[in-house]
Amino acid sequence: MLEISRIRSEKDVIKESLKKRGWNKDKLSILDKIIESDDIRKSIQIANDDLLSQRNQLSKQIGELFKSGKTEEANNAKKKVESLKTDISKNEDDMSSVKKEIEDLLLTVPNVPNALVPEGQDESDNLVSKEWDQDLPQLAEDALPHWELGKKYNILDFELGVKITGAGFPVFRNKGARLQRALINFFLDEAYNQGYEEVAVPLLVNADSAKGTGNLPDKEGQMYHVTKDDLYLIPTAEVPVTNIHRNDLVKEDQLPIKLTGYTPCFRREAGSYGADVKGLNRVHQFDKIEIVQITHPDKSYETLDTMVAYVETLLSKLELPYRILRLCGGDLTFASALTYDFEVYSAAQKKWLEVSSVSNFETYQSNRLKLRFKDSQGKNRLAHTLNGSALALARIIAALLENHQTQDGIVIPEALRKYTGFEILN
RNA sequence: GGAAGAGUGGCAGAGCUGGUUGAAUGCACCGGUCUUGAAAACCGGCGUGCGUUAACGCGUACCGGGGGUUCGAAUCCCUCCUCUUCCGCCA
């Protein structure tokens with residue numbers, strides 16, 4: 001969430017930027033309300049700290065009076081404190097309710113879009129920041145979509161997933177399963193070679209972690225919730241990986257922190273049934289390799305560019321046509337200040353599929369996470385957090401199958417062959 | 001799952017028969033003296049949030065989390081979490 005100090009000092013700029021998210025005057029007044037409530041909070045604290053100070057002093061005196069045997073004076077002082085206490089407890093009640101109010105308001109305010117974020121309502125207004133400048137693959141007349149290919153080569157079984165679990169839980173088998181494992185290893189090795197520390201993290205997280213990355217309360221309905229133990233299945237590795245450093249105060253020279261992790265991701269995708277759910281296009285469980293960076297505030301945009309460039313290299317090595325979108329204000333996720341989406345062209349469906357999303361959250365997450373660093377002046381400051389998919393598997397597999405299909409089978413891209421152990425999938 | 005013990009500052013480790021204890025001491029770290037340089041030695045500094053102040057500073061809260069008792073709690077009580085050991089179960 002946003003820092004109140006920032007709302008105070010940059011209110012007008014923030015308001016102007018939030019208009020890109022479609023915030024009107026009405027909604028923008030939340031910012032004024034936050035400052036008002038925070039003013040109230042401060043005045044209560046000033047009054048209450050004073051009362052507490054009096055209480056502490058009197059208590060100290062009472063101890064001394066008892067020691068020197070002045071019982072009567074001590075008892076008088078006790079009565080005085082007694083009356084202070086009713087005021088104190090009233091203040092504390094007021095304080096916690098106003099704090100709660102501020103917190104609730106802050107949670108409704110999304111991150112401030114970066115200057116590069118285009119205006120716009122929805123995905124149709126996203127800006128293509130890098131177009132695919134070569135010809136798109138032309139497939140033969142009888143080319144098949146990936147779900148047909150999956151059947152043909154016995155590598156992908158949706159019905160079986162339905163039997164075992166339900167819709168949206170596909171089963172990969174034979175060379176399909178090996179292709180999946182190959183991709184995981186390929187992506188992890190690539191990230192490792194870029195200096196990311198590999199982590200293997202829990203797939204269930206507690207509510208504190210989900211709050212830290214902003215998945216609670218905003219996206220509660222999108223996560224599977226294990227109510228018996230009050231844990232959530234992760235929708236992305238971002239949640240456990242970023243939370244590694246929740247409540248951390250790191251030294252400046254430890255930055256940037258670069259982490260990568262492979263996990264399955266679980267998403268309920270509530271309310272998204274429609275044309276796009278066919279095959280692997282939208283599933284409840286898929287594998288993803290995530291890259292996360294924690295950086296100095298001055299470096300985060302530079303870092304964002306390197307992460308975007310890195311994801312490009314992966315797609316090039318997989319020989320997939322892709323384009324990069326800069327998300328508009330209306331399509332930008334809640335916590336992000338700037339996001340680039342990657343889409344690969346799935347030739348048989350003649351459709352662009354989102355396979356990666358790379359974002360800079362600036363201090364929006366770190367403020368909730370209390371993830372700080374000590375700067376060279378010895379001051380504690382919030383770090384910036386970034387993350388990106390590198391990459392999301394199910395759709396990558398869809399694109400690989402469709403784009404690389406030939407009469408003889410699916411040709412595995414050169415870079416992947418040492419991982420699959422086969423050059424052609426048939 | 002059952003029983004017992006424990007959770008204190010970056011780490012180690014006192015305090016825990018309630019009252020100058022935000023917290024001894026050691027290590028680590030930073031600054032200084034000394035030294036040709038380094039080490040050692042010595043001197044000084046060394047937690048976080050909030051509030052207040054132009055600033056020095058001051059106030060307040062925090063000794064696993066939450067709640068309670070008390071004039072006053074790291075110290076007593078309740079509850080939850082975690083760790084260790086023993087038993088049970090098990091990949």
Side-chain angles (χ1 to χ4, degrees), chain A residues 1-9 34-106 200-212 216 226-232 240 243-255 257 294 363-383:
Chain A
M1 54 193 163
L2 295 182
E3 301 141 82
I4 298 180
S5 58
R6 183 172 168 207
I7 296 176
R8 283 181 182 278
S9 62
I34 288 170
I35 294 176
E36 271 172 44
S37 297
D38 194 49
D39 285 340
I40 294 171
R41 192 208 102 236
K42 286 189 184 190
S43 66
I44 296 173
Q45 184 172 342
I46 290 170
N48 204 46
D49 277 0
D50 183 54
L51 294 180
L52 287 169
S53 177
Q54 290 181 43
R55 185 200 66 184
N56 289 344
Q57 278 187 18
L58 282 169
S59 295
K60 204 175 285 181
Q61 286 169 19
I62 289 168
E64 283 158 11
L65 289 171
F66 271 125
K67 260 184 207 160
S68 53
K70 298 174 182 166
T71 317
E72 198 172 321
E73 283 178 55
N75 284 327
N76 284 338
K78 270 197 197 181
K79 275 179 200 141
K80 239 189 262 177
V81 178
E82 208 71 70
S83 73
L84 287 177
K85 277 174 77 177
T86 55
D87 290 339
I88 289 171
S89 76
K90 183 182 178 304
N91 279 335
E92 278 170 355
D93 289 349
D94 291 350
M95 183 78 117
S96 63
S97 70
V98 75
K99 272 186 175 169
K100 175 82 167 65
E101 186 186 317
I102 293 168
E103 165 101 2
D104 288 348
L105 288 172
L106 276 174
V201 291
L203 307 182
L204 289 140
V205 294
N206 58 32
D208 283 342
S209 292
K211 265 183 215 155
L216 280 180
V226 182
T227 51
K228 193 157 189 177
D229 298 287
D230 197 22
L231 297 171
Y232 296 85
N243 271 283
I244 287 173
H245 291 286
R246 172 153 49 90
N247 283 329
D248 263 9
L249 176 56
V250 303
K251 296 205 177 99
E252 185 169 355
D253 61 17
Q254 288 177 260
L255 301 176
I257 294 168
I294 298 163
T363 58
Y364 197 87
Q365 289 185 328
S366 59
N367 190 32
R368 279 200 211 182
L369 291 161
K370 301 216 186 320
L371 200 184
R372 297 155 304 159
F373 70 98
K374 197 173 275 295
D375 74 10
S376 46
Q377 269 94 57
K379 231 185 108 190
N380 299 331
R381 299 172 60 191
L382 294 171

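No experiment lies behind these values; they were computed from the predicted model shown. Below, chain A is the first sequence line, B the second, and so on; all start at residue 1.
Within the 4.5 Å cutoff, no side-chain heavy atoms of L369(A) are placed close to those of Y364(A).
One P atom belongs to A6(B), the other to C77(B), and the distance between them is 12 Å to the nearest Å. On the C1' atoms, G44(B) is 41 Å away from G5(B), given to the nearest whole Å. Atom name P, nucleotides C87(B) and C50(B): the rounded distance is 49 Å, in whole Å. C81(B) and G65(B) have their P atoms separated by 15 Å, with the value rounded to a whole Å. The gap from the P atom of G19(B) to that of C58(B) amounts to 24 Å, rounded to the nearest Å. The gap from the C1' atom of G18(B) to that of C76(B) amounts to 8 Å, rounded to the nearest Å. Only the P atoms considered, C62(B) is 6 Å distant from A74(B), to the nearest whole Å. Spacing between C80(B) and G2(B) at atom P, rounded to whole Å, works out to 11 Å.
Remark: C1' of G49(B) and CE of M95(A) are 12 Å apart, rounded to the nearest angstrom. In this structure, the NZ atom of K379(A) is 10 Å from the P atom of G49(B), given to the nearest Å. Atom P of nucleotide C11(B) and atom CG of L249(A) are separated by 12 Å, given to the nearest angstrom. Rounded to a whole Å, the NZ atom of K42(A) is 14 Å from the C1' atom of G49(B). In this entry the distance linking CD of E103(A) with C1' of C50(B) reads 15 Å, nearest Å. Between the CG atom of D50(A) and the C1' atom of G51(B) there is a distance of 12 Å, rounded to whole Å. The CD-P distance, from Q45(A) to G49(B), rounds to 14 Å in whole Å. A straight line from CD of Q57(A) to P of U60(B) spans 8 Å, rounded to a whole angstrom.
Within the shown strands, A6(B) is the pairing partner of U82(B) under the Watson-Crick or G-U definition, both distances less than 3.5 Å. Pairing of A41(B), defined by two Watson-Crick or G-U wobble distances under 3.5 Å, is identified with U33(B). Across all strands shown, A12(B) forms a Watson-Crick or G-U wobble pair with U25(B), both key distances being under 3.5 Å. With a 3.5 Å ceiling on both atom-pair distances, the Watson-Crick or G-U wobble partner of A61(B) is U48(B).
Side-chain atoms of R246(A) do not come within 3.5 Å of backbone N or O of G212(A) as any donor-acceptor pair. Using a distance-only test at 3.5 Å, with no hydrogens or angles considered, no donor-acceptor pair links the side chain of E73(A) to the main chain of K70(A). With T363(A) contributing its side chain and L382(A) its backbone, the two residues share no donor-acceptor pair below 3.5 Å. Of the possible polar contacts, one joining the S9(A) side chain to the S5(A) backbone as a donor-acceptor pair under 3.5 Å is found. No donor-acceptor pair closer than 3.5 Å links the side chain of D248(A) to the backbone N or O of L371(A).
Using modelled atom types and a 3.5 Å distance limit, the side chains of S53(A) and D50(A) yield no donor-acceptor pair.
Phosphate contact (OP1/OP2 of G59(B), side-chain N/O of S53(A), threshold under 4.0 Å): absent. Residue R372(A) places at least one side-chain N or O closer than 4.0 Å to OP1 or OP2 of G49(B). OP1 or OP2 of C50(B) has not a single side-chain nitrogen or oxygen of R41(A) nearer than 4.0 Å.
The environment of NZ in K374(A) is crowded: more than 12 heavy-atom neighbours from other residues, nucleotides or ligands sit within 6.0 Å.
Residue K251(A) is the one, among K374(A) and K251(A), whose nearest nucleotide of RNA chain B lies closer to the 5' end (criterion: closest heavy atom). Comparing E64(A) and L52(A) by the nucleotide of RNA chain B whose heavy atom lies nearest to each, the residue mapping closer to the 5' end is E64(A).
Nucleic acid contact class of N380(A) (heavy atoms, under 4.0 Å, all strands): sugar-phosphate only.
Under the 4.0 Å criterion applied to side-chain N and carboxylate O atoms, K42(A) and D39(A) are not assigned as salt-bridge partners. Ion pair R41(A)/D94(A) not flagged as a salt bridge, since none of the NZ, NE, NH1 or NH2 atoms sits closer than 4.0 Å to an Asp/Glu carboxylate oxygen.
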### Summary
With sugar-phosphate taken as primed atoms, P, OP1 and OP2 and all else as base, the protein-contact string of nucleotides 64-83 of chain B at under 4.0 Å (heavy atoms; B, S, -) is -------BS-----------
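Within residues 200-211 of chain A, no residue is approached by RNA chain B to less than 4.0 Å at the level of any non-hydrogen atom.
In this structure, NZ on K100(A) lies 10.0 Å from CG on L105(A), to the nearest 0.5 angstrom.
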